[in-house]
Amino acid sequence: MSKQSPQKAKHVQEILSVLAALYPDARPELHFTNPYETLVATMLSAQSTDVQVNKVTPAVFRDFPTVQDMAKTTPEILLPYVRSCGFKSKATNIVLAARDIVERFDGQVPNNLEDLMSLKGVGRKTANVVLANAFQIPAMAVDTHVFRVSNRLGLAHAKNVEKTEQQLMKAIPRDLWNKAHHWLIFHGRRVCKAQRPLCNSCALLPLCENPVLSPKKPTKK
Ligand code: SF4
């Protein structure tokens, strides 16, 4: 693996310093208290919002408090609890993943990428989020915000999430991966929005490789 240039390393360091100052309290916005809850909440959050997931999970965790309880239920019973988070398949995947955890992993949510990704409905992003949030294992989960913001800033130059993940892991010190993931999400939600990013008031504008600046108004004569 080639080392990044000193200029690139300095650019990355400056961006990370600004993000750290902007979002000192960046943390997961989903609510969970253990690896099982982290997995369920993260699976529900795909194509939904954290706010919506946080509305449904208290009832889910009350009525299915352990992975064994979830494994014993059926997708049909779970569906009414989670329907507002989209896709019927989420209920099926959560129940099947729970059964898999009970049967293949002795009831313990796996703490490595390969085993997590072997669970029904668990992709790379979900697995990385669980590693980072449930086990505090450094992981670079690339969701839509991380992908967009990191490529606009120039932390990555990639057309897909896998390449973005690889480039971010190379550019950012390993002990900052989990924090950087949250910083980029916070910045994407609050400032570097998908539509109409607030570039003109963005603290990272001087460091950003691809700002989306609104055209200047023509001056009146
Ligand atoms: S300057 Fe614009 S594109 Fe760059 S990080 Fe800020 S909001 Fe995003």
Side-chain angles (χ1 to χ4, degrees), residues 1-30 41-42 44-54 86 123-133 136-220:
M1 191 185 285
S2 60
K3 271 187 82 176
Q4 58 185 334
S5 68
Q7 291 90 337
K8 166 87 178 168
K10 183 165 176 279
H11 184 230
V12 171
Q13 182 51 51
E14 286 172 346
I15 289 172
L16 295 177
S17 297
V18 174
L19 286 168
L22 284 174
Y23 309 112
D25 300 323
R27 63 188 187 294
E29 294 187 283
L30 289 171
T42 308
L44 287 173
S45 71
Q47 311 290 325
S48 183
T49 65
D50 291 357
V51 171
Q52 186 56 37
V53 173
N54 289 338
R124 193 173 184 89
K125 187 205 79 177
T126 297
N128 274 325
V129 169
V130 172
L131 287 180
N133 291 342
Q136 288 73 51
I137 292 172
M140 182 48 75
V142 178
D143 71 353
T144 182
H145 300 293
V146 174
F147 176 76
R148 181 181 70 255
V149 179
S150 61
N151 279 287
R152 281 179 178 167
L153 279 168
L155 290 173
H157 304 84
K159 294 218 176 333
N160 60 52
V161 292
E162 282 223 8
K163 284 226 162 62
T164 300
E165 179 186 327
Q166 289 165 7
Q167 292 179 8
L168 290 177
M169 287 166 70
K170 186 176 159 195
I172 297 172
R174 191 168 189 270
D175 62 340
L176 290 179
W177 289 353
N178 295 355
K179 279 188 179 163
H181 164 79
H182 294 304
W183 291 335
L184 292 167
I185 290 177
F186 268 51
H187 198 60
R189 286 184 175 151
R190 288 156 181 77
V191 181
C192 192
K193 302 172 188 214
Q195 309 293 331
R196 299 172 195 245
L198 308 174
C199 298
N200 292 319
S201 56
C202 176
L204 286 162
L205 179 58
L207 297 167
C208 184
E209 278 189 10
N210 303 292
V212 190
L213 295 169
S214 39
K216 283 192 178 137
K217 289 181 186 155
T219 47
K220 284 182 191 163

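Start at 1 and go down the list; that is how both ligands and their atoms are numbered. Heavy atoms only: backbone and side chains are in, while hydrogens, waters and symmetry mates are out. Note that the structure is a prediction, hence the values are computed from the model and not measured.
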Query raised in the report: Just how far is it from atom CG of Leu184 to atom CG of Asp143, taken to the nearest 0.5 Å?
Result: 9.0 Å
Query - Where at least one partner belongs to residues 4-29, residue pairs that pass salt bridge (charged side-chain N to carboxylate O under 4.0 Å, His left out), sequence neighbours excluded - result: Lys10-Glu14, Glu29-Arg189, Glu29-Arg190
Query raised in the report: About how many Å separate CG of Leu153 and SG of Cys202, when rounded to the nearest 0.5 Å?
Result: 7.0 Å
Query - Main-chain N/O of Ala141 paired to Glu165 side chain as donor or acceptor, under 3.5 Å - result: no
Query raised in the report: Do the side chain of Arg152 and the main chain of Val212 share a donor and acceptor less than 3.5 angstrom apart?
Result: no
Query raised in the report: In terms of heavy-atom contacts, does NZ of Lys179 have more than 12 from other residues, nucleotides or ligands at under 6.0 Å?
Result: no
Report summary line: Excluding water, the protein N, O or S atoms sitting under 2.8 Å from atom 4 (Fe) of ligand 1 are Cys208 SG
